[in-house]
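The structure appears below as structure tokens.
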Amino acid sequence: MKEVLLISVFMKRTLVLLCLWFFIWFPLEAFCSTGNTSSSSNPKVINIGALFTLNSVIGGATKPALLAAIDDVNSSPNILNGIELKLILRDTNCSGFIGTMEALQLMESEIVVAIGPQSSGIAHVISHVVNELHVPLLSFGATDPTLAYLQFPYFLRTTHSDYFQMYAIADVLDYYGWREVIAIFVDDDYGRNGISVLGDALAKKRAKISYKASFSPEDPESKINDLLVEVNLMESRVFVVHVNPDTGLNIFSVAKRLNMMSGGYVWIATDWLPSYLDSREAVDPSTMNLLQGVVALRRYIPDTNLKKRFISRWKNLKDKGSTGPGGFNSYALYAYDSVWLAAHALEVFLSEGGNLSFSNDPKLRDTNGTTLHLSLLRVFNGGQQLLQTLLRMNFSGVSGQIQFNQQRDLIHPAFDVLNIGGTGTHRIGYWSNYSHLSIVPPDSLYTKPPNISSSSQHLYGVKWPGETSKVPRGWVFPNNGQPLRIAVPNRVGYKEFVSKDNSPQGVKGYCIDVFEAAINLLPYAVPHTYMLFGDGNRNPNYDEIVSQVAQNKYDAAVGDITIVMNRTKIVDFTQPYMESGLVVVAPVKEAKSSPWAFLKPFTKEMWFVTAALFLFVGVVVWILEHRINHEFRGPPRQQLITIFWFSFSTMFFSHRENTVSTLGRLVLIIWLFVVLIINSSYTASLTSILTVQQLTSGIQGIDSLISSSEPIGIQEGSFALNYLVDELNIARSRIVKLKDPEAYLRALNLGPKAGGVAAIVDELPYIELFLTSTNCLYRTVGQEFTKSGLGFAFQRDSPLAVDLSTAILQLSESGDLQKFHNKWLTHTECSIQINQEEENKLSLSSFWGLFLICGIACVLALTLFCYRVFTQYRRFSPEGEEAEVEEIEPSRLSRRSILSTSFNNIMDFVDRKETEIKEILKRKNINESKQTSHNSNGQASSPT
């Protein structure tokens, strides 16, 4: 019996081999027409193909939608003029190999358009086939962003790319302030390329994917369990899940068992999850219990009448055509519109004279002349024309507006932002490529100017895992037994800030106390260990400490680390816990008294303007008083002396001349007030100069230090070296590194000529301690020329830096920072800066307001005086003289002579006494009155 079975098996295998041999040597084309080109100018039936996995969540919704679209097109009298569309279905069965084979068989049917597939991996392979055969491929489900038209010109996506979905997720993460996420994705083209775009989108927002956790769709739950256990030991608690809808629910099932769906966790799913839930008419409570608090994205489809009518037909359509496990989801709408897109394009294509013809491709023959089965694949001659027609289409479908942009993407990509809670999903907002996050439908925003500012981004409240409305922090300390590695500079000098200690902690100092107090204010434990950096013989290089934090050799650096620009480029700093800045320290000596000390209270400009104003006021008062006050009259020499005497005698309020005019008294009152202020200020400043100890230094500040060529001392390991050399262009050969206050003192005592330094450039906190240790023997010169602060350094985007900044602010407000300062950094109060002569001098800027008031008063008084004089002069000028001048011939009297005569008359008039002018005007008025009376009498006595 066994031998019979063996012979039977052998015969079957032999028969199979013979069949394979027969088909290899006698290809099927021998049984088909042998023409090179087939065409139909007026076809009755047009074949279009569809390729997807029938028994899947997406396929179960797609098949009835495609069949309904074919029926609607064929039954419509308004399209294709009676030409029938024939749909040829092929099942890819979730296999790349089977999908490729089915695609090749589909192309043998001489289809003009292919619809599908849903798998991005299969789409990559099939796109090469349709490129060769010039058959447009309309994909309603392949969302891989790398399926670009530059590589696959015949690939046309009739849904929205995951490129936009990943940017939507990045905006959601940025909205809640999360900077690190863990990506869980299926390890295929769809998963890898989508997560790659997410990484790019997060990088633009200074966020990142801290870990990429991939798995295969065939992996058992045990493999997924190991994967989630691994990511649960990490810092981030924000997970982005980008998987297939058929197997994705296993992720949440395992996460639930691992207690990863509780408070503090954040789960964000791409559109696969809403597609899965929408395809179920009634989701069982156990499934919904797995997903409580999850945030998910779903492709936004406008709520149009077309969509409503299609959904109302769905039950009948599903019962008629569905073979898969799913019901309605958004992919059904995109598949339905894909058929109508092909129908509209074919109608335009035929009306423009397009020819549905196919021809053999010579590339599909063996180089030895042996034909293969691939020769049955024929090239669609009108493929390029049909593709361009598809790209021009613009109509309203059940999924929204069907129109392509220049990148061959559907216009207006948008998503619903959903929150799963209770027994269903709740929409908390929308995302669109036009205005990003909003709580109003994107359709209403397209008519307004785009606004993507942070203030315009809004979402409704979310119920997060653990039934909490409080936004999770999004991270915890890694639960992997590794404490925070903190680098601490092993200082040689200024050990008050930080130094080595024999206690279990290992370090002590002001910086350590501040850090420990801030850590204790955090609402969570931070296990950490201090690691000394440096050999203890020299101060370590602080730039190197910061660099090693950036390189992940340490998690943070705690110490007197100055926040400067080049360091902030590679690490994140906390809020400064102490202000700092560079100052210059130099030797000083007591200034000797000068015989010209009485000139020091005012600057040169102040002396000049004050003297000029004295003379100006004297001239103004003389002009105002000259016509009515005999004390201001006399020979020119006497009047000039009077002006000078009166001007400067007002300085001591000893002027003997009395002012008579109202305008003169007004000017004098204002001027005496100005003189009083100037005298008082001068006296106070001179008293200070003569009584307060004056200290001087050969170095006046950083500017004089730059212009000199003397050596400059800096603290070893400080950023001051790079600042002086790179920013201030000081020669590196002039810089002398000093490691402690004792080295500072020796270098300053020796001076530049004996091997020391002329001055020391260091930060203010160290200088305060140094001056205290020297009993204020030295002083700072000039001003503080940089502004910075001391902070703690963390790796880029570390959330701990933000929380510690808040804790440091709490310490500052409570006064604890000052207590730590008093404990470690107490210093003798002494005048830190030397007295600068130029700073003590009173300048014009302190008095220009007074001078302006006085000047305005003088100008106004002169203006009123000139107006009054001009009015009197017009009344005083005799009419006879004017007539006489008019009668003189121009040839006899030049214009210059006339002007000279007029000016002399005016000056003579001004020089006369006021009483004389009034007397002359009085007589003139009397004569004019008599003249008028006489003329009137003569006219009365004449005969009429």
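Heads up: numbering here begins at 1 and tracks the sequence.
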Margin query: Is it true that Thr287 and Asp284 share a donor-acceptor pair across their side chains at a distance under 3.5 Å?
Written below: yes
Residue pairs passing the salt bridge (charged side-chain N to carboxylate O under 4.0 Å, His left out) test with at least one member in residues 390-414, sequence neighbours excluded, are Glu352-Arg392
Practice prompt. Any chance you could lay out the side chain to side chain donor-acceptor pair (under 3.5 Å) test for Ser161 and Thr143, step after step, and finish with the verdict?
Written response: CA-CA 5 Å; Ser161 168; Thr143 56; over 6 Å; no
Could you tell me if the side chain of Arg796 sits less than 4.5 Å from the side chain of Lys208, heavy atoms only? no
Discussion item. I'd like to know if the side chain of Arg157 reaches the main chain of Leu147, judged simply by a donor and an acceptor atom lying under 3.5 Å from each other, with no hydrogens or angles considered.
Written reply: yes
Is the ring pair His160/Phe164 parallel, tilted or perpendicular, if the boundaries are 30 and 60 degrees?
perpendicular
Original post:
Would you call Val802 and Pro799 a side-chain contact if the rule is heavy atoms closer than 4.5 Å?
Top reply: no
Between Thr158 and the options Ser399, Ser139, Ser338, the side-chain hydrogen bond (donor to acceptor under 3.5 Å, both in side chains) test singles out Ser338
By salt bridge (Lys or Arg N to Asp or Glu O under 4.0 Å), Asp219 pairs with (sequence neighbours left out) Lys223
- Message: Would the distance check show the side chain of His412 and the main-chain N or O of Gln401 forming a donor-acceptor pair, the cut-off being under 3.5 Å?
- Response: no
To the nearest 0.5 Å, atom CD1 of Ile563 lies from atom OG1 of Thr568 at 9.0 Å
**Leu437 backbone acceptor or donor facing Gln457 side chain under 3.5 Å** = yes
**OP:** Could you please spell out the steps behind the ring pair (Phe, Tyr, Trp, His ring centres under 6.0 Å) verdict for Tyr190 and His242?
**Re:** CA-CA 9 Å; Tyr190 160 77; His242 185 52; 4.2 Å; yes
message: Tell me if a side-chain donor or acceptor on Ser812 pairs with a main-chain N or O of Leu809 at a distance below 3.5 Å.
response: no
Would you call Val186 and Ser214 a side-chain contact if the rule is heavy atoms closer than 4.5 Å? no
Applied to residues 461-474, the salt bridge (charged side-chain N to carboxylate O under 4.0 Å, His left out) test, sequence neighbours excluded, yields none
Does the Ser275 side chain pair with the main chain of Asn329, one donor and one acceptor, at a distance under 3.5 Å? no
Closest non-hydrogen atoms of Asp337 and Gly397, given as atom of the first, atom of the second and distance, are OD1-CA, 3.4 Å
Heavy-atom closest pair (Val113 atom, Ala342 atom, distance to 0.1 Å) is CG1-CB, 4.1 Å
- Message: Keeping Thr53 on the side-chain end and Asn55 on the backbone end, is there a donor-acceptor pair under 3.5 Å?
- Response: no
Scanning both residues in full, the closest heavy-atom pair of Ser279 with Tyr276 reads OG-O, 2.7 Å
Heavy-atom nearest pair, Ala69 first then Val339, reads CB-CB, 3.5 Å
Would you mind writing out the side-chain donor-acceptor pairs for residues 171-182 within the sub-3.5 Å range, not counting sequence neighbours?
from: Asp171; atom 1: OD1; to: Lys205; atom 2: NZ; distance (Å): 2.9
from: Asp171; atom 1: OD2; to: Trp431; atom 2: NE1; distance (Å): 2.7
from: Asp171; atom 1: OD2; to: His436; atom 2: ND1; distance (Å): 3.1
from: Asp174; atom 1: OD1; to: Arg179; atom 2: NH1; distance (Å): 3.4
from: Asp174; atom 1: OD1; to: Arg179; atom 2: NH2; distance (Å): 3.4
from: Tyr175; atom 1: OH; to: Leu459; atom 2: N; distance (Å): 3.3
from: Trp178; atom 1: NE1; to: Pro472; atom 2: O; distance (Å): 3.0

So salt bridge (charged side-chain N to carboxylate O under 4.0 Å, His left out) across residues 437-447, not counting sequence neighbours, yields none
Across all chains, not counting sequence neighbours, the salt bridge (Lys or Arg N to Asp or Glu O under 4.0 Å) partners of Arg206 are Asp572, Asp797
Heavy-atom count around Gln406 CD within 6.0 Å, excluding the residue itself: above 12? no
Hey, are the side chains of Gln795 and Val549 touching, using non-hydrogen atoms and a 4.5 Å cut-off? yes
Please check this pair: side chain of Ser56 against backbone of Gly59, looking for a donor-acceptor N/O pair closer than 3.5 Å.
yes
Sorted by chain and residue number, the ring pair (Phe, Tyr, Trp, His ring centres under 6.0 Å) partners of Phe794 (sequence neighbours excluded) come out as none
| task | May I ask you to decide if Asp144's main-chain N or O and Ser120's side chain share a donor-acceptor pair within less than 3.5 Å? | result | yes
Ala296 and Leu273 have their tightest heavy-atom pair at CB-CD2, 4.5 Å
Value for CZ (Phe415) from CG (Asn433), rounded to nearest 0.5 Å, stands at 9.5 Å
Checking Val57, Asp188, Ile58 against Asn244 for side-chain contact (heavy atoms from CB on, under 4.5 Å), the one that qualifies is Asp188
Side-chain touch Ile301/Tyr334, heavy atoms, less than 4.5 angstrom
yes
Sorted by chain and residue number, the salt bridge (Lys or Arg N to Asp or Glu O under 4.0 Å) partners of Asp278 (sequence neighbours excluded) come out as Arg298
Answer yes if the side chains of Tyr336 and Trp340 hold a donor-acceptor pair under 3.5 Å, and no otherwise. yes
Do Tyr265 and Asn232 have side-chain atoms, one donor and one acceptor, less than 3.5 Å apart?
-> yes
Output for pair (Leu277 CG, Met288 CE), nearest 0.5 Å, gives 6.0 Å
Sorted by chain and number, sequence neighbours left out, salt bridge (Lys or Arg N to Asp or Glu O under 4.0 Å) with Asp189 holds for Arg192
Interatomic distance, CZ@Arg427 vs CD1@Ile439, rounded to 0.5 Å, equals 12.5 Å
For residues 247-258, the salt bridge (charged side-chain N to carboxylate O under 4.0 Å, His left out) pairs (sequence neighbours left out) are Glu221-Arg257
Minimal heavy-atom distance between Phe152 and Ser127, with the atoms involved, is CD2-CB, 3.3 Å
Review point. Do Pro441 and Tyr300 touch side chain to side chain, with heavy atoms closer than 4.5 Å?
Key: yes
Distance col, row Leu484:CG vs Asp555:CG, nearest 0.5 angstrom, shows 4.5 Å
Taken in chain and number order and not counting sequence neighbours, the residues that satisfy ring pair (Phe, Tyr, Trp, His ring centres under 6.0 Å) with Tyr524 are Trp475
Does a donor on one side chain sit under 3.5 Å from an acceptor on the other, for Thr146 and Asn193?
yes
_Could you check whether Tyr577 and Phe792 have their ring centres less than 6.0 Å apart?_
yes
Sorted by chain and number, sequence neighbours left out, ring pair (Phe, Tyr, Trp, His ring centres under 6.0 Å) with Phe185 holds for none
Margin query: I'd like to know if Asp162 pairs up with Arg299 as an ion pair, taking the criterion as any Lys NZ or Arg NE/NH1/NH2 lying under 4.0 Å from an Asp or Glu carboxylate oxygen.
Written below: yes
Side chains of Tyr331 and Asp271 only: does a donor on one sit below 3.5 Å from an acceptor on the other? yes
>> Under a 3.5 Å distance rule, please check whether Asn405 uses its side chain to pair with a backbone N or O of Leu410 as donor and acceptor.
In response: no
- Message: Can a donor-acceptor pair be found, under 3.5 Å and without considering hydrogens, that links the side chain of Gln165 to the backbone of Thr270?
- Response: no
